[in-house]
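Heads up: the structure comes next, in structure tokens.
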Amino acid sequence: MSALEWTQPLQWLILAYFIGINTGYIALNLLSAIPLSRQLGARTAWPLSRLYSGFEPPVSVLVPAYNEETTIVASVRSLLQLNYPEFEVIVVNDGSKDGTLAALIKEFDMVRFPEAYRIRVPVKPVKAVYRSLRQPNLRVIDKENGGGKADASNAAINCARYPLICIVDADGVLERDSLYSAAQPFLEDPLTIAAGGSVRLINGCSVSGGFLDRIGLPRNLLARFQIVEYLRGFLFGRLGWLPLNAVPIISGAFGVFRTERVIAAGGYRTDTLGEDMELTLRLHRLNRLAGRPYRIGFVADPVCWTDAPESLSVLKKQRIRWHRGLGESLLMNRALLFHPKGGAPGWITFPFMAVFEWLGPLLEVAGYVFMIAAFVLGMISAEAFIAFLVLAFGLGLLLSFSALLMEEISFHVYMKSSELALLVVVSILENFGYRQLISCWRLIGLAHWMTGRKATWGEMKRTASWQRVE
Amino acid sequence: MDFATFSDPFIKVAFLTGIAAFAFSFLMVLAIATLRVRLLYRLRRERQLIARWRPLLARVYAEVPATLPALARRDRVLFLHLWNHYHESLRGEVKRNLNEFAQRVGAAKTARRLLKRRAMRVRLLAATSLGYLKDDSEWPTLLALTRDHNPVLALAAARALVSINTQAVVSEIVLLIAERDDWSLAQAGKLLSEAGRQAIAGPLLAALDSVPEAAQRRLLQLVQILGVEGAAPVVRRILRQSKDSELIAAGLRTLRSPADNALARNFLRHPQAFVRIAAVQALGRLGTEQDVPVITELLADRDWWVRYRAAEALCDLLSVEQLARIGATLQDRYGRDMLRHVASERKAQL
């Protein structure tokens with residue numbers, strides 16, 4: 001048997017993978033046009049009357065914070081200025097080792113309050129609940145550390161008063177109308193139990209008074225690559241699943257949920273690194289399998305701006321953690337896979353996520369390694385090698401540009417033409433090394449999960465350069 | 001050793017797919033560039049249009065300028081956007097001047113024409129504009145649009161019709177609101193509030209009496225939020241006859257008369273917590289000291305929210321001293337905690 005015949009099954013497998021994943025993404029791209037056009041249409045119809053109509057359900061904004069001494073006061077101040085008729089802010093000091101709690105107490109005149117705290121979702125012990133004398137809608141929960149962001153979020157869920165909860169990152173910057181945008185799916189469809197919005201990267205932007213002041217591109221190339229990645233991930237990676245009611249993840253950086261449904265589902269799980277995706281998949285699983293009608297929504301509007309890692313080491317840790325979280329979330333909700341009542345989440349989203357997102361890096365890295373090795377060892381011809389490269393890079397480019405195109409059709413947040421041109425160049429460049437590197441890290445994440453290596457969040461050092469302008 | 005060449009099907013498929021992807025990518029870059037050029041051109045035109053028309057539109061506060069420049073054909077859609085913006089921002093008599101302005105520059109004709117286009121966004125703009133203009137020449141088209149599968153477009157058409165002739169259409173629109181659960185209740189409520197409480201009260205109450213229970217739930221929410229009076233007889237009948245928990249809760253939220261206290265008391269032991277909450281809230285609004293014992297019992301309810309609302313109701317009905325006396329006699333720890341919690345909250349609010 002010749003070398004070509006030996007390797008042919010693997011070649012077909014790699015080809016099938018590349019065509020499969022890209023066909024899937026292109027389909028998501030096309031599907032995302034439906035809700036995007038509807039959401040943009042609604043914005044045109046009610047440009048000003050978007051403002052309070054009196055039906056918006058009150059929202060509890062939950063902010064888990066661990067060692068956020070330097071940023072927490074500014075974050076809470078900006079949260080208190082959100083445009084929304086009725087909301088409360090609950091900050092959870094998750095056993096911080098720095099002065100997070102002291103900073104809050106000092107800035108907002110917090111006093112201990114005899115809260116009738118009810119444990120509806122099990123959490124680590126709560127030491128005290130504080131209430132602001134200046135801001136009646138601000139409370140702080142001081143709890144023992146342990147269980148990570150998930151446990152801190154659960155502690156806040158136990159304290160939430162309102163029918164909707166909005167989980168945000170303590171270091172994220174929200175749009176003034178973010179709550180209003182994210183509440184729309186709940187207003188439009190009473191069956192909505194959760195909704196997310198687009199998260200964008202704040203690197204290169206400037207912030208004033210807790211809100212975005214100027215939008216720009218960062219100087220750091222890694223952060224630029226991630227901007228294109230986020231565009232892909234949010235504009236069609238989430239929106240595309242919406243018509244199928246199969247959005248697989250509501251980002252932990254900003255997500256709105258119906259409080260009672262989250263409590264009924266048991267809150268966030270503390271034994272996974274991907275608690276946001278796990279909860280979203282669990283909501284799909286529990287509701288689908290129980291035959292309860294529900295909807296998980298998504299708004300394309302940028303609602304939250306977050307800081308992207310600008311160093312390889314931090315980015316590597318983040319991606320390994322994300323990939324482990326993905327694997328754990330899928331495994332914890334495996335009952336959804338091909339379940340007769342699983343609907344689109346069980347029959348389309350889950351298999352797609354499992355094969356192309358979770359196991360994908362294995363085939364992707366194997367594909368690159370195999371093709372290079374086979375070419376170097378003379379097992380495949382130059383024509384075959386070139387064909388592979390043309391396919392891999394061509395499809396990669398197609399997806400990046402389609403995300404840019406959607407952005408240009410919809411929000412065009414990068415208004416300088418030079419920035420748009422730069423994003424086009426970045427979309428090309430990311431195919432030469434960056435994507436492959438990310439695949440390798442995701443493969444490491446997969447390996448860590450398979451070998452049962454202890455999972456930790458680790459220290460996420462971020463530059464937060466946007467804060468310097470304040 | 002055998003080598004794959006471009007004649008092999010595997011290589012051929014891969015290569016051609018890749019080339020096609022490159023070609024599409026190139027087209028997309030062209031599309032992005034074209035869109036950006038168009039965006040910049042549109043923004044420049046918008047700036048020019050605003051610079052030209054805003055000073056004229058600003059004069060409608062006093063009167064419509066005697067002479068108006070011709071509105072260029074290519075600027076008509078943009079002008080309608082600007083004109084709609086003014087309509088959204090202004091109140092009162094000025095709107096009449098705005099309409100005269102639009103008629104004189106031919107924008108009304110443009111809106112009628114745009115309503116027949118296929119693009120949804122353009123039809124939305126047209127429907128909204130015709131509503132502001134109170135232009136009934138496209139009444140049948142707008143009426144047909146209220147049945148459109150797209151709820152945003154259908155609601156925009158409904159809003160326009162209500163604006164043009166409330167009396168003629170409000171009954172039909174109320175029935176549509178009851179029937180179409182894909183319509184955002186928030187936007188539907190806004191539409192009805194624009195029509196005015198007086199105009200909607202009759203049709204809303206008539207519909208409430210005739211529609212199925214699922215639709216009654218939607219209408220009762222509107223009755224509550226819009227503060228429509230006169231729903232009490234229907235609500236009383238619902239509370240006496242219905243087994244639908246959500247409908248009962250919606251009905252309890254609309255109670256406004258102390259005469260209905262007895263009705264609210266009937267639901268304090270309902271198996272559904274949200275019904276008990278609505279009942280205790282009704283007693284908090286309308287109750288008297290006579291209701292205190294039954295509300296106090298709910299401080300020991302298994303549901304946190306029922307306990308919370310019961311404590312709130314007691315705070316509404318009693319003085320601080322009376323509350324302290326009740327707190328001292330309570331055997332249930334959860335009830336005591338809750339009373340302390342709500343009392344501290346009230347104190348902090350003061």
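We name chains A, B, ... by the order of the sequence lines, and we start the count at 1 in each one. The shown structure was predicted, so the numbers you read here are calculated from the model rather than taken from an experiment.
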Q: Output the option from B:Phe24, B:Trp304, B:Phe26 having the highest count of non-hydrogen pairs under 4.5 Å with chain A.
A: B:Trp304
Q | chain A contact via B:Leu43 - which portion, at a heavy-atom distance below 4.5 Å | A | side chain
Q: Using a strict cut-off of less than 4.0 Å between a Lys/Arg side-chain nitrogen and an Asp/Glu carboxylate oxygen, indicate whether B:Arg336 and B:Asp332 qualify as a salt bridge.
A: no
Q. Are B:Arg36 and A:Glu419 close enough for a salt bridge, meaning some N to O gap below 4.0 Å?
A. no
Q) Looking at A:Glu56 and B:Lys190, does any basic side-chain N land under 4.0 Å from a carboxylate oxygen? A) no
Q. Can you say whether A:Phe393 sits under 4.5 Å from chain B via the side chain, the backbone, both, or neither, judging by heavy atoms?
A. both
**Q.** Region of A:Tyr414 in contact with chain B, defined by heavy-atom distances below 4.5 Å
**A.** backbone
**Q.** Contact origin within A:Leu420 toward chain B - heavy atom pairs under 4.5 Å
**A.** side chain
Q: Under the side-chain contact (heavy atoms from CB on, under 4.5 Å) rule, what do B:Asp181 and B:Arg218 come out as? Steps first, then yes or no, please.
A: CA-CA 8 Å; B:Asp181 55 11; B:Arg218 281 171 70 77; 4.1 Å; yes
Q: Identify whether the distance between the nearest side-chain nitrogen and carboxylate oxygen of B:Arg42 and B:Glu46 falls below 4.0 Å.
A: yes
Q.
Please rank A:Phe388, A:Phe18, A:Phe113 by heavy-atom pairs under 4.5 Å with chain B and give me the top one.
A. A:Phe113
Q) Relative to chain A, which of B:Ala33, B:Ser193, B:Ser184, B:Ala343 shows the most heavy atom pairs under 4.5 Å? A) B:Ser184
Q.
salt bridge (Lys or Arg N to Asp or Glu O under 4.0 Å), that's the test. Do B:Asp303 and B:Arg276 meet it? Break it down for me.
A. CA-CA 10 Å; B:Asp303 187 273; B:Arg276 297 199 298 281; 5.3 Å; no
Q. Highest number of heavy-atom pairs under 4.5 Å with chain B: which of A:Leu133, A:Leu397, A:Asn22?
A. A:Leu397
Q) chain A heavy atoms under 4.5 Å from B:Tyr334: which part of the residue, side chain, backbone, both or neither? A) neither
Q: Answer yes when A:Arg134 and A:Asp109 have at least one side-chain N-carboxylate O distance shorter than 4.0 Å, and no when they do not.
A: yes
Q.
What part of B:Val37 gets within 4.5 angstrom of chain A, counting heavy atoms only: side chain, backbone, both, or neither?
A. neither
Q: Please round to the nearest 0.5 Å and tell me the distance separating atom CG of B:Leu330 and atom CZ of B:Arg340.
A: 12.0 Å
Q) What part of B:Leu27 gets closer than 4.5 Å to chain A, counting heavy atoms only: side chain, backbone, both or neither? A) neither
Q) Any ion pair linking B:Asp244 and B:Arg217 (charged N to carboxylate O, less than 4.0 Å)? A) yes
Q) Checking A:Ser402 against chain B: side chain, backbone, both or neither under 4.5 Å from a heavy atom? A) both
(Q) For B:Leu39, which atoms come within 4.5 Å of any heavy atom of chain A: side chain, backbone, both, or neither? (A) side chain
Q) Side chain, backbone, both or neither: which part of B:Asp182 has a non-hydrogen atom closer than 4.5 Å to chain A? A) backbone
